[in-house]
There are 2 protein chains.
Amino acid sequence: MATPTLDLITLRKGCASCSLQQLCLPAGINLRELQELEAIVKRKRPVEVGERLFRQGDRLDAVFVARDGAFKTVLVNEDGDEQVIGFHLPGELVGLDALGTGVHRCEAVALTRANVCEVPFDELSNVAAHVPGLQRQLMRVIGQSVGRDQDHREMLVRRQANERIALFLHGLSERLRTIGEPSETIRLPMSREDIARFLGLALETVSRGFTRLQEDGVISVHGRKVQILDVAELDRLAHGSEPPGDRARVRA
Amino acid sequence: MATPTLDLITLRKGCASCSLQQLCLPAGINLRELQELEAIVKRKRPVEVGERLFRQGDRLDAVFVARDGAFKTVLVNEDGDEQVIGFHLPGELVGLDALGTGVHRCEAVALTRANVCEVPFDELSNVAAHVPGLQRQLMRVIGQSVGRDQDHREMLVRRQANERIALFLHGLSERLRTIGEPSETIRLPMSREDIARFLGLALETVSRGFTRLQEDGVISVHGRKVQILDVAELDRLAHGSEPPGDRARVRA
DNA sequence: CGAGTTTTTGAGCAGATTCAAATCAAGTGG
DNA sequence: CCACTTGATTTGAATCTGCTCAAAAACTCG
C-alpha cells in the first residue's frame, strides 16, 4: 500500500532512477558502467509472501536485492525447525551466504510481497573484474553484510533478553533510516516467532520484552506496529549500560 | 613445543612449501602466479602471547594468516569488557572484518606464540585483479570466513548451554582436522573465559559443561587438554537432536 | 617449591522457558 | 454487517537453567 507508483518507475527505469541506487551495487560507478551492470540485472515479477528466492543446497547462481518488501534468511535443521539468521531490507544483498562453498547454506523467504532484482553471480563477477568501481562496491556490500552478521552476534551474546530486544529494535531502526524509510514508526515485517528465532529466545519472551519496553515508555506496541518514543533510552538499553537495577535513577 | 622445525622450513621456503598452501590464499594458482603473490607476502618475526595484529579503529592495511599458533578476535565495548567474536587457526585469514568500512571493528590477539604471514591488502587486491585464480580463492576464503561467522551464530542461538559447548568443540575439532592437526586430542589455545565470552555464557557454565560432557563419557578434560572420546555422541549433541531427557536410551 | 593464575565446584537466586489459557486482529461466509 | 474461524500476540504460573558470589583445587612458571 506504500509505494506502488515508485515500483512502476523503478521497474521501467532501472538502477539509474532507483531510490536505492546509492546503497546498492550501482553506487559509485559511472553511467557507462551502470549500463553494463544494468544489462545483467533481471527484474522479476513480484515475489509473494512465503516464496523462496533460493533454498538450502541450491547452487549460487544469483544474488538478489529487494527494491521493496522484506526477506528473512533461515536455516532449517534436520528436525525441521528453523533458525532465522537474518532479515533483509531493500537495498541489502541476499544470497552472499553461498560465497564460500558456492552452495547456499540457508534459504531466503519473503516476509512480504516484494520486488527483487536478480543479479547472476558469474556475470556480476565478470563485470566487476573490469569495473574497479563495481569491484570495490561489491566488496563494500559484502563487508556490510558481514557487519550485519556481527551486529547479529552482538545481540546474541547479550545475556539479558531485554538487551537483545532493544538492540534488535535499535538496529532495525537504524537500517530503516539509512534506506530513507520512517525509522521511528515501524511496521514490522516479521512475526514475534521470527524475532524469537532470530534472537535465540522464546516467542513469549520477545512478547514480554516488547510489553516491558512499552511499560517503560520506550516504545509503543500494537501488534506489529511499533513506535519508538524514546530513542535515547532505547539506545542506552541497546548498548547495555547499567543493569536494569534502580541505579539508573542515581546516575541520571 | 609442537612444530619448531616446520616453522623454519616454511620461513625459508615460503608459500610454495607451506603445509597450509592448499587452504590459504595460494590454493589453485600456478607457479608464476604464486611467485607474484609471494612477492607481497611479509613474514614477520613470531608474535608473542597477547600481542595484537591490529586494533579496533585501525585502518585495514593488511590481512594476516597464522602459519601456526592461534588468535582470537575480540570486540571491546565502552565498558571495557571484551566479547570474543572468533578464534583463528593456522590458514584462516584474520582481518577481513574491515572489508566493509575499511576500518577494523575488532582486534586480533595472539593466544599463543605464533608465526604469521602479513599480506598488504591493496597489493593483494591488485594482484587478485589480474590473477583470476587468486580472485576466486580470495572470494572463497572470505566466504569461508563468513561461514565460520554463521557457525558462531548457530552456537549462539542455541538456548541450552550444553548445546553451545558441544557445537563449539565439534566445530573446533572439524577445523583442526581440515588443517591436518589431530582433531580428537586437542590442546585448547584459549581459556575458559575466552570460550565463555565467545559463547555468551558465564565462565563457570563453560566449565560445568565440560565436566558434564566428561561425566557422560563424551570427552575427557584435563584443563586445556581435551580428548574427544565419543565423536558420534558429540555430533549428536551438537546438532541438538533430543532434549537431554532419558529418551535417548529408548531411541538408541 | 611457592605465588599467581586458571579451572572446578557449591549454594542460592534471578530470569527465561514451558505449558496453558486468554485476548486480539483480520478475514470469511452467511 | 455481524458472527465465526483462524492465526498471532499477550498474559499467567510453575519449573528449571544458567548466573553470581565465594571458596577450593589444580596448573604454570619463575
Side-chain angles (χ1 to χ4, degrees), chain A residues 1 49-50 72 81 84 111-113 155-166 168-169 186-216 219-226 237 240 242-247, chain B residues 1 48-50 72 81 84 111-113 155-166 168-169 186-216 219-226 237 240 242-246:
Chain A
M1 201 174 265
V49 175
K72 65 175 175 183
D81 48 34
V84 176
L111 292 170
T112 63
R113 193 165 214 271
M155 291 173 214
L156 291 174
V157 286
R158 299 301 172 98
R159 318 240 200 90
Q160 298 295 320
N162 290 332
E163 282 185 37
R164 293 193 204 176
I165 293 166
F168 168 72
L169 285 173
I186 305 174
R187 155 97 208 176
L188 298 173
M190 71 293 278
S191 68
R192 295 290 187 273
E193 176 157 31
D194 285 333
I195 298 174
R197 292 182 190 281
F198 181 68
L199 295 181
L201 297 171
L203 166 175
E204 296 92 328
T205 306
V206 174
S207 180
R208 280 185 247 267
F210 276 42
T211 305
R212 178 74 197 285
L213 284 172
Q214 177 165 250
E215 285 166 0
D216 294 352
I219 62 176
S220 105
V221 185
H222 295 286
R224 294 198 180 182
K225 283 189 271 289
V226 172
L237 290 171
E242 3 254 312
D246 43 17
R247 193 165 3 147
Chain B
M1 205 173 266
E48 298 301 328
V49 175
K72 65 176 175 183
D81 48 34
V84 176
L111 292 170
T112 63
R113 189 163 216 271
M155 292 173 214
L156 292 174
V157 287
R158 298 299 172 96
R159 314 231 212 98
Q160 300 293 321
N162 289 330
E163 282 185 38
R164 293 192 205 178
I165 292 165
F168 167 73
L169 285 173
I186 305 174
R187 156 95 208 178
L188 298 174
M190 70 293 278
S191 68
R192 295 289 187 273
E193 176 157 31
D194 286 334
I195 299 174
R197 292 183 192 280
F198 181 69
L199 295 180
L201 297 171
L203 162 179
E204 297 92 329
T205 306
V206 174
S207 179
R208 280 185 247 270
F210 277 41
T211 304
R212 178 73 198 284
L213 283 171
Q214 177 165 250
E215 285 166 0
D216 294 354
I219 62 176
S220 104
V221 185
H222 295 286
R224 294 197 180 183
K225 283 189 271 292
V226 173
L237 290 171
E242 5 252 309
D246 43 17

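Just so we're on the same page: letters track the sequence lines, and every chain starts at 1.
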Whether the side chain of A:R197 engages the backbone of A:L203 through a donor-acceptor N/O pair (distance < 3.5 Å, no angle test) should be reported.
no

For B:H222 and D:dT28, give me the distance from atom NE2 to atom P, rounded to whole Å.
12 Å

For B:E193 and C:dT5, give me the distance from atom CD to atom P, rounded to whole Å.
13 Å

D:dC29 P sits how many Å from B:E48 CD, rounded?
13 Å

Side-chain N or O of A:S207 versus OP1/OP2 of D:dT10: is the shortest distance under 4.0 Å?
yes

Any side-chain N or O of A:Q160 under 4.0 Å from OP1/OP2 of D:dC19?
no

Mind calculating the distance between CG (B:L188) and C1' (C:dT6) to the nearest angstrom?
13 Å

Rounded distance in Å - CZ (A:R197) to P (C:dT17):
13 Å

Nearest-Å distance, CZ (A:R192) to P (D:dA8)?
12 Å

Taking 4.0 Å as the cut-off, does a side-chain nitrogen or oxygen of A:T205 come that near to OP1 or OP2 on C:dG15?
no

Between A:R224 and D:dA8, is there a contact of a side-chain N or O with OP1 or OP2 at under 4.0 Å?
no

Hey, is B:R208 close enough to B:E204 for a salt bridge, meaning N to O under 4.0 Å?
no

Using a 4.5 Å cut-off on heavy atoms from C-beta on, say whether the side chain of B:R224 contacts that of B:S191.
yes

Taking atom C1' of C:dT7 as reference, at what distance in whole Å does atom CG of B:L201 sit?
16 Å

Does the B:R164 side chain pair with the main chain of B:R158, one donor and one acceptor, at a distance under 3.5 Å?
yes

Looking at B:R159, I'd like to know whether one of its side-chain N or O atoms comes within less than 4.0 Å of OP1 or OP2 on C:dT18.
yes

Which part of the nucleic acid does B:L203 contact within heavy-atom distance under 4.0 Å: base, sugar-phosphate only, or nothing?
base

Take the protein atom CD of B:Q214 and the nucleotide atom P of C:dT8, then report the distance between them rounded to whole Å.
9 Å

For B:V206 and for B:R187, find the nucleotide of DNA chain D with the closest heavy atom, then tell me which residue's nucleotide is more 5'.
B:V206

What about B:E204, does its side chain sit under 3.5 Å from the base of D:dC21 through a donor-acceptor pair?
yes

Using side-chain heavy atoms (C-beta onward) and a distance below 4.5 Å, is B:L237 in contact with B:L213?
yes

Base, sugar-phosphate, or nothing for A:R208, non-hydrogen atoms under 4.0 angstrom?
base

